[in-house]
Q: 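Okay, here's the structure, questions in a sec.
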Amino acid sequence: MLDVAPRPVAGREDALVVDLPADRLAQVRRLRTAVAAFVVLHHDVPRPRSLLSGEHLTRIVEAVYASLRVAGSSTFRFEAAGADSPTFARLGDEFARATGLKLDPTDGELVVKVRRGARRDGDVDPGWDVLVRVGPRPLSARTWRVTDFPGAANATIAGAMVRLAGVRADERVLNLMCGSGTLLIERLLAGPAAAAVGIDHDDDALAAARDNLEAAGLTRRAALVRADALHPSSWATGPGADVRPADLILADPPWGTLHGSHSGAAALHSGLLRAAHEVAADGARLVVLTHEVKVMEAAVRAADALWRPRPPVRVYAKGHHPRIWVLDKLA
Ligand SMILES: C[S@@+](CC[C@H](N)C(=O)[O-])C[C@H]1O[C@@H](n2cnc3c(N)ncnc32)[C@H](O)[C@@H]1O
C-alpha cells in the first residue's frame, strides 16, 4: 500500500494514478496487486519526433534516472506504435547517449511507452504521454520466487485473490494444489494468520514451494503436505500440518496440459468444491482462480448447497482471461 490515495485515469479502466514525489518512488515496489508502475510524463507535442527537443528529452531522461534509482537496468525498449520507425531509432540513440542504457528492441528491461495523451474536452491536440516503467521487470516478478514452476500463478493475481477474500489475523489458511506456493506466500505476506498449510501431490511442486517460502522468510509460518487435495481423509494430521477446519481456502486447479487435462476438469473442479467444503470452518471463504470458466460455472451451480458464489472477477494473464471466484460456505 502507498501512503497517498490513487486517482482514476481518464479513459482507462486498467490504471490508477498516484502523485508520488520522486524521492518516494521506491514505495511502488510494495504494491502487491499492481502489474507494473510507470512514471507518467505528459508532453504537449504534436508528434513523437518533437520529444527529441531539449526540454522534453531532459524530462524523460530524469524519469529514467528516477526509475534506475529504484532498480537498475542495463537495457531499454520502446513500446509504441511505430517503435521500429526512424523517429524511434533517433529517440533510441538520444536516450542511449543520455542514460548509458543500451537499446534492445525485443528484450530491453526498462520499458518506455509512448502513446497519445488522453483527449479532454476542448483539447485541440491531446499531445503525447511517455511512461517510464519503474524497475526492469513487472511487479508480479517477486523477489521471493527463486524456484520457477510450470503453471505457477501470477503473483499479482494471487495478491488480488487474497485482497478479495480479505485478510483476518486469526484465520487458518489452506492452499489446496499449492504448486510452488504463490497463493500461500502472497496470503502470508499480506498479514498474519493463525496457521497455514499448502497441499500438493507432486514432490517437485512441494520442493519449489519450500524454496520460495524460505526466500520469502516464511518457512516457519507454513507447513507443506504431500497429499491428494481431493481426499481430505488421506491427509496427514501431524502437529502444525493440519489447519482443519480452515477459514480461508485458496486454490488454482491445474489447467490445459501442464498439470491436468480438459477432460478431467469437471471432476477436478467439483471435487475441489466438495473437498474444500468438507474441511471448511463455518463462515469460511474459498477463493479459486481458474481458466476453466464454463466448467467452474457448472461446478458452482451443482454445489449450490455447499457454497454461495460472489460475482466472479475476470483477470488477464499471459493471453488468457481466467476468473477469480470467492465463495462463502453455506452451513
Ligand atoms: C496450476 S498448478 C498450481 C500452481 C501454483 N498456484 C503455483 O503458483 O505454483 C496446479 C497444481 O495442482 C496440483 N494437483 C493437481 N491435482 C492434485 C490433487 N488431486 N491433489 C493435490 N495436488 C494436485 C499439481 O501438482 C499442481 O502443482
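We count ligands from 1, going down the list as the structure has it; atoms in each ligand are counted the same way.
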Q: Which heavy-atom pair separates L103 from R77 by the least distance, and what is that distance?
A: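 Taking every non-hydrogen atom into account, CD1-CA, 4.2 Å.
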Q: Report the member of D200, T147, D148 with the shortest heavy-atom distance to atom 24 (C) of ligand 1.
A: D200
Q: Quick check: closest heavy atoms across A280 and P245, and the distance to 0.1 Å?
A: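 Minimum heavy-atom contact is C-CB, 4.1 Å.
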Q: Report yes or no: does E109 contribute a side-chain atom to a donor-acceptor pair with the main-chain N or O of S74 at less than 3.5 Å?
A: yes
Q: May I ask you to list the atoms of ligand 1 that are less than 4.0 angstrom from any heavy atom of D228?
A: 18 (C), 19 (N), 20 (N)
Q: For E186 and W144, which I'm curious about, is there any donor-acceptor pair between the side chains at under 3.5 Å?
A: yes
Q: Counting only nitrogen or oxygen atoms and a 3.5 angstrom limit, does P253 reach ligand 1?
A: no
Q: Which ligand 1 atoms, with their elements, are less than 4.0 angstrom from a heavy-atom of G179?
A: 5 (C), 9 (O), 27 (O)
Q: Go through ligand 1 atom by atom and flag the ones less than 4.0 Å from a non-hydrogen atom of F149.
A: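 Counting atoms of ligand 1 from 1, those under 4.0 Å from F149 are 9 (O), 27 (O).
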Q: For I199, is the nearest heavy atom under 4.0 Å from an atom of ligand 1?
A: no
Q: Where on A208 is there a heavy atom closer than 4.0 Å to ligand 1, on the side chain, on the backbone, on both, or on neither?
A: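 For A208, no heavy atom sits under 4.0 Å from ligand 1.
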Q: Looking at ligand 1, does any of its N/O atoms fall within less than 3.5 Å of an N/O of A153?
A: yes
Q: Can you see whether D104 engages T75 through a side-chain donor-acceptor pair at a distance of less than 3.5 angstrom?
A: no
Q: I need the minimum non-hydrogen distance between P136 and S73, along with the two atoms involved.
A: CB-OG, 3.4 Å
Q: Number the atoms of ligand 1 from 1 as they appear, then name those within less than 4.0 Å of a heavy atom of D202, with their elements.
A: 25 (O)
Q: Would you give the length of the straight line joining atom CG of L248 to atom CG of N175, rounded to the nearest 0.5 angstrom?
A: 9.0 Å
Q: Determine, considering heavy atoms only, which of G151, P150, G264, S180 sits nearest to atom 9 (O) of ligand 1.
A: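 Answer by nearest heavy atom: S180.
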Q: Is there a side-chain contact between H269 and V300, using heavy atoms and a 4.5 Å cut-off?
A: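 No, every pair of side-chain atoms sits at 4.5 Å or beyond.
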Q: Please state whether A227 comes within less than 4.0 angstrom of ligand 1, counting heavy atoms only.
A: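 Judged by the 4.0 Å heavy-atom criterion, A227 does count as contacting ligand 1.
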Q: Taking 4.0 Å as the limit for heavy-atom contacts, which would you say applies to A158 with ligand 1: side chain only, backbone only, both, or neither?
A: neither
